[in-house]
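Quick notes on the structure that follows.
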Number of protein chains: 2
Amino acid sequence: MGRRPLSTIRRKEFARAAYDCLARHGMSGTTLARVAETAGVSKASLLHYFKNKDELLEAAMRYGNGILKDENAALMKIARTPWQRIYAVIEANTSPRSFKPSVAHGWLTLLAAVPLNPQYCRIQKAIYARTKSNLIGPLRTLSDQETAVAVTETLVSIIDGVWLRLGLGIEPMSTENARAQIELALDARFGQSEERTHARDIMTEASRILMLSKGVNR
Amino acid sequence: MGRRPLSTIRRKEFARAAYDCLARHGMSGTTLARVAETAGVSKASLLHYFKNKDELLEAAMRYGNGILKDENAALMKIARTPWQRIYAVIEANTSPRSFKPSVAHGWLTLLAAVPLNPQYCRIQKAIYARTKSNLIGPLRTLSDQETAVAVTETLVSIIDGVWLRLGLGIEPMSTENARAQIELALDARFGQSEERTHARDIMTEASRILMLSKGVNR
DNA sequence: TTCTTGATTGACTCACCTGTCAATGTAAGT
DNA sequence: ACTTACATTGACAGGTGAGTCAATCAAGAA
């Protein structure tokens, strides 16, 4: 779209440095000076690429979300059945590649700022809309609309909840634990059909392969 | 315990003011000056009661949690059966009295700081331990240990998730919506027994009565 | 009344943070 | 070689926030 080039790759590096800072030092500890140091440049250089701190943090938010988004997109492309699409979302959102305490803390730090900044708000809104839509579509083909909505809402809450708990770091939280919780919620409205189990195995395997092929490009 | 008196009531007022600030202005916007203004005193007066900002925010954290804790304790005292104890926790954690966007945002803001401060960490750890224990106890009398643990984990994640989404304020999130999600998770491992339904009605009613009697004392 | 203890505050210090700017470096095009 | 456009930076300005301190105020005890 109307994206200015301005060395997109450099911006991404800085967004990553900002995200790392947020994860390690929290919002108050994430100063331009510290981000610059993390990225190995001067503070003034940062402000050459981002006109202010808000814009930098916005990029950090897009960067952090981008990781999940890319994995999700890659898995969605592979998925062929409704259950596979559901497990694509689940796999992407609990993939060990990003399901780490530091990533979760960075995410949590940014979320806390969402209600204070309309731009962050818009970004986050889009993320929720996408995730919900990715879940409700296939779920509707497996049940009535009402059930699909209810299950979607619950899955989204569980995903948010496990990420939150992961980010707090005060109790162990593994990919397996997270997925077990999601499975439990699915059990509430769907039986352990052959189709479901098979789809899960397929998508788990697909996720593993994608992870091995080191980083979804772009 | 070893609590210094130092006008406990005054400290609570300030903790409340700090919490309000956190909810309204986020972590960076919560300055000593602003909290002081909210409380109607000078910044220096604040620091007479709290030796630094960290201690003030710690008090804010205890204050915010205290609301839920008191409601939980009151309902727990009423509960007589396992299912009633389970619904005591659920009611307390989704009570319209505290289940509000501003409260949730204050909570979210504090949570983001948890990994950066060992003291916040300890407080939050205790909160999780209590909630989990309150759920796992009664659940164990209704199922095997493994199931009790799994359901507890899921319920905790859903509660955290709905609070998070409430705090973000980018989508509607009501008490009813939150409870529907929790019910769904319970459905996964427990049928709609007469006992369960009845317990839910009892605790909902108890919560309503407590709410009418305006604020659990102390 | 006098003394003591705690409450409250304005003024101040010091550190740090954001954002600007002018100067310099650098690489590619002509 | 010259020019243009961008990259990078040190230095600086302006502002703000945390925390200190000495002085004042109020109330109860002796």
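What you see is a predicted model, and the numbers here were worked out from it, not measured in a lab. Throughout, a chain's letter reflects where its sequence line sits, starting with A, and its residues are numbered from 1.
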Task: A:Trp163 ring center near A:Phe99 ring center (under 6.0 Å) - done: yes
Task: Taking every non-hydrogen atom, the tightest pair across A:Leu155 and A:Leu186 - done: CD1-CD2, 4.0 Å
Atom-to-atom span, [atom1] of [X] to [atom2] of [N] - whole angstrom:
X: B:Lys43; N: D:dG17; atom1: NZ; atom2: P; answer: 9 Å
X: B:Lys53; N: D:dT20; atom1: NZ; atom2: P; answer: 15 Å
X: B:Leu46; N: D:dG17; atom1: CG; atom2: C1'; answer: 13 Å
X: A:Phe50; N: C:dC17; atom1: CZ; atom2: C1'; answer: 19 Å
X: A:Asp54; N: C:dG19; atom1: CG; atom2: C1'; answer: 13 Å
X: A:Leu57; N: C:dT18; atom1: CG; atom2: C1'; answer: 12 Å
X: A:Tyr49; N: C:dG19; atom1: OH; atom2: P; answer: 18 Å
X: A:His25; N: C:dC17; atom1: NE2; atom2: P; answer: 12 Å

Looking only at the side chain of [X] (C-beta and beyond, no hydrogens), which of the listed nucleotides [options] gets closest?
X: A:Ala44; options: C:dT18, D:dG19, D:dG10; answer: D:dG10
X: A:His48; options: C:dG6, D:dA7, C:dG10; answer: D:dA7
X: A:Ser42; options: D:dG19, D:dG10, C:dT8; answer: D:dG10
X: B:Val41; options: C:dT9, D:dA18, D:dT9; answer: C:dT9

Open item on the list: Nearest heavy atom decides the nucleotide; on that basis, is A:Asn52 or B:Gly40 closer to the 5' end of DNA chain C?
Closed with: B:Gly40
Open item on the list: Side-chain N or O of A:Ser45 versus OP1/OP2 of D:dT9: is the shortest distance under 4.0 Å?
Closed with: yes
TODO: May I ask you to verify if any side-chain N or O of B:Arg10 is less than 4.0 angstrom from the OP1 or OP2 atom of C:dT8?
DONE: yes
TODO: Decide whether A:Thr204 and A:Glu91 meet the rule of one side-chain donor and one side-chain acceptor closer than 3.5 Å.
DONE: yes
Task: Salt-bridge criterion met for B:Arg165 and A:Glu153 (N-O under 4.0 Å) - done: yes
Open item on the list: Quick test of your reading of the model: are A:Glu13 and A:Arg10 salt-bridged, counting only N-O distances below 4.0 Å?
Closed with: yes
- [ ] Answer with yes or no whether B:Lys51 presents, from its side chain, a donor or acceptor under 3.5 Å of a partner atom in the base of D:dG19.
- [x] no
- [ ] Have a look at B:Leu47 and say if it touches a base, only the backbone sugar-phosphate, or nothing, with a 4.0 Å heavy-atom cut-off.
- [x] base
